[in-house]
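First up is the structure itself, then whatever we jot down about it.
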Protein chains: 2
Amino acid sequence: MSHKNRTPHPMCPLSDCMAFIGGAWTPNILWHLAQGPRRFSELRADIPLVSAKVLTQRLRELEERGILLRIVSQGTAASVEYRLTELGLEFLPVIQAIAQVSLRLKRRAIAAA
Amino acid sequence: MSHKNRTPHPMCPLSDCMAFIGGAWTPNILWHLAQGPRRFSELRADIPLVSAKVLTQRLRELEERGILLRIVSQGTAASVEYRLTELGLEFLPVIQAIAQVSLRLKRRAIAAA
DNA sequence: CAGCATCCCACGGGATACTG
DNA sequence: CAGTATCCCGTGGGATGCTG
């Protein structure tokens, strides 16, 4: 999606949502946060191939847009928790639809092989 | 989306689907084809801001991946029709979910204003 | 632990002009 | 009508190294 015009045209009925989940890793982040709040390092473990830089970028972006909350707990070591807001929960139907189609495609691929 | 690794990691449960609809305009193309087969120029009218180059690229890509069919009709003038395959139809739940969330977000924005 | 800084590049996409 | 050809560019993202 991808670069300058992530929201291609205001009149497109899909742009408003795609502007949020357009990033390469964003859907996966949301998917893992759907199970419940998670810490930074947990998300890194969930999505091994994402770099720390990009993960931070996406999380900050999602925070700015009100999709998730960043909660810093002051303990002996730094600890930050991310959790979906109510607005963030609204995206779950999309995430789940994507997951279901992915599953179907995988089965199809297996059946074809 | 994405550039090099549009399919971030095989183990991500969303990658298989996102690899297809990751392109900036792809969801919109699918959305307009969901209503029925459409010609090239019609799609251009549906999505005014997409360039011919990119539209062609996405359509070719979707054809290669078996999501749509490209049907050339030989008449007085060149005419090409694009229609979703059965595989393509499998993506409609995602497209519809995206459309619904977009609608909700729009209402939310209006309510906030 | 949870980042930030820096450097670097591939690729998606835009603009314009031209063709069968 | 339905593209192709060419040039150009911004941004998302990767890699590595460092910090509070």
Side-chain angles (χ1 to χ4, degrees), chain A residues 1-9 12 15 18-29 32-33 37-65 68-83, chain B residues 1-9 12 15 18-29 32-33 37-65 68-83:
Chain A
M1 305 166 245
S2 298
H3 73 305
K4 200 182 319 184
N5 260 346
R6 227 195 238 173
T7 307
H9 195 257
C12 291
S15 310
M18 288 311 289
F20 288 89
I21 64 167
W25 301 98
T26 317
N28 282 296
I29 295 171
H32 288 288
L33 284 178
R38 282 186 91 60
R39 309 224 323 255
F40 187 82
S41 53
E42 293 178 316
L43 286 172
R44 288 218 65 184
D46 290 336
I47 317 170
L49 289 190
V50 74
S51 64
K53 188 191 89 172
V54 171
L55 183 56
T56 305
Q57 279 177 351
R58 295 295 129 250
L59 288 170
R60 289 291 196 278
E61 192 179 297
L62 291 170
E63 188 195 2
E64 262 181 49
R65 298 173 179 229
L68 52 78
L69 253 41
R70 180 170 177 272
I71 302 146
V72 182
S73 324
Q74 284 303 25
T76 147
S79 175
V80 181
E81 198 177 79
Y82 295 92
R83 74 169 66 214
Chain B
M1 155 205 281
S2 19
H3 69 305
K4 202 181 320 184
N5 260 345
R6 227 195 241 172
T7 306
H9 195 257
C12 292
S15 310
M18 288 311 289
F20 286 90
I21 64 166
W25 301 98
T26 318
N28 282 295
I29 295 172
H32 288 289
L33 283 177
R38 281 187 91 61
R39 309 224 323 256
F40 186 83
S41 54
E42 294 178 315
L43 286 171
R44 288 218 66 184
D46 291 336
I47 316 169
L49 289 190
V50 74
S51 64
K53 188 191 91 174
V54 171
L55 183 55
T56 306
Q57 279 177 351
R58 294 296 131 251
L59 288 171
R60 290 290 197 277
E61 192 178 296
L62 292 170
E63 188 195 1
E64 262 181 48
R65 297 173 178 229
L68 53 78
L69 253 39
R70 181 171 175 270
I71 301 147
V72 182
S73 325
Q74 283 305 24
T76 147
S79 174
V80 182
E81 200 177 77
Y82 295 91
R83 75 170 65 214

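Computed from heavy atoms alone, side chains included, the values below leave out hydrogens, waters and symmetry copies. In the text below, chain A, chain B and the rest are named by the order of the sequence lines, each starting its count at 1. For clarity, every value in this text was computed on a predicted model and none was experimentally measured.
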Next item on the list: Would you please test B:Leu33 and B:Arg83 for side chain to side chain contact (heavy atoms under 4.5 Å, CB included) and show each step?
Entry: CA-CA 6 Å; B:Leu33 283 177; B:Arg83 75 170 65 214; 5.9 Å; no
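Put simply, CG on B:Leu43 and CD on B:Glu81 are 10.5 Å apart, with the number rounded to the nearest 0.5 Å. The CZ atom of B:Arg65 lies 8.5 Å from the OG1 atom of B:Thr26; values are rounded to the nearest 0.5 Å. If you take CD1 on B:Ile21 and CG on B:Asn28, they are separated by 11.0 Å, rounding to the nearest 0.5 Å.
Across the protein-nucleic acid pair, A:Glu81 atom CD and C:dG3 atom C1' stand 17 Å apart, rounded to whole Å. Per the geometry, CD1 belonging to A:Ile29 stands 14 Å off P belonging to D:dG12, to the nearest Å. The separation between B:Tyr82 atom OH and D:dG3 atom C1' is 8 Å, rounded to whole Å. If you take CZ of A:Arg60 and C1' of C:dA5, they are 14 Å apart, rounded to a whole angstrom. The distance between atom CD of A:Glu61 and atom P of D:dT11, rounded to the nearest whole Å, is 13 Å. Protein atom CD1 of B:Ile71 is 15 Å distant from nucleotide atom C1' of D:dA2, rounded to whole Å. Atom C1' of nucleotide D:dC1 and atom CZ of B:Arg44 are separated by 12 Å, given to the nearest angstrom. Note: CD (B:Gln57) to P (D:dA2) measures 18 Å, nearest angstrom.
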Note to self: Protein within reach of the bases, or only the backbone? For nucleotides 15-20 of chain D, mark each nucleotide 5' to 3' as B, S or -, using heavy atoms under 4.0 Å.
What the structure shows: B----B
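Listed candidates were D:dG14, C:dG3, D:dC1. Nearest to the side chain of A:Val54 is D:dG14.
Taking 4.5 Å as the limit, every side-chain heavy atom of A:Arg70 sits out of range of all side-chain heavy atoms of A:Leu59.
By the side chain to side chain contact (heavy atoms under 4.5 Å, CB included) test, A:Arg44 is found to be paired with A:Phe40, A:Ala52, A:Leu55, residues two or more places apart in sequence or in another chain being considered.
Side-chain nitrogen and oxygen atoms of B:Arg38 include none within less than 4.0 Å of the OP1 or OP2 phosphate oxygen of D:dA2. In this model, the phosphate group of D:dC1 is not approached by any side-chain N or O of B:Ser79 to a distance below 4.0 Å at OP1 or OP2. Dashed line: the shortest gap from a side-chain N or O of A:Arg58 to OP1 or OP2 of C:dG3 is not under 4.0 Å.
B:Arg39 comes within contact range of the sugar-phosphate backbone alone, with a heavy-atom separation under 4.0 Å but no base atom that close.
Rounded to 10°, the helix from C:dC1-D:dG20 to C:dG20-D:dC1 has 60° between the axis fitted to its first five pairs and the one fitted to its last five.
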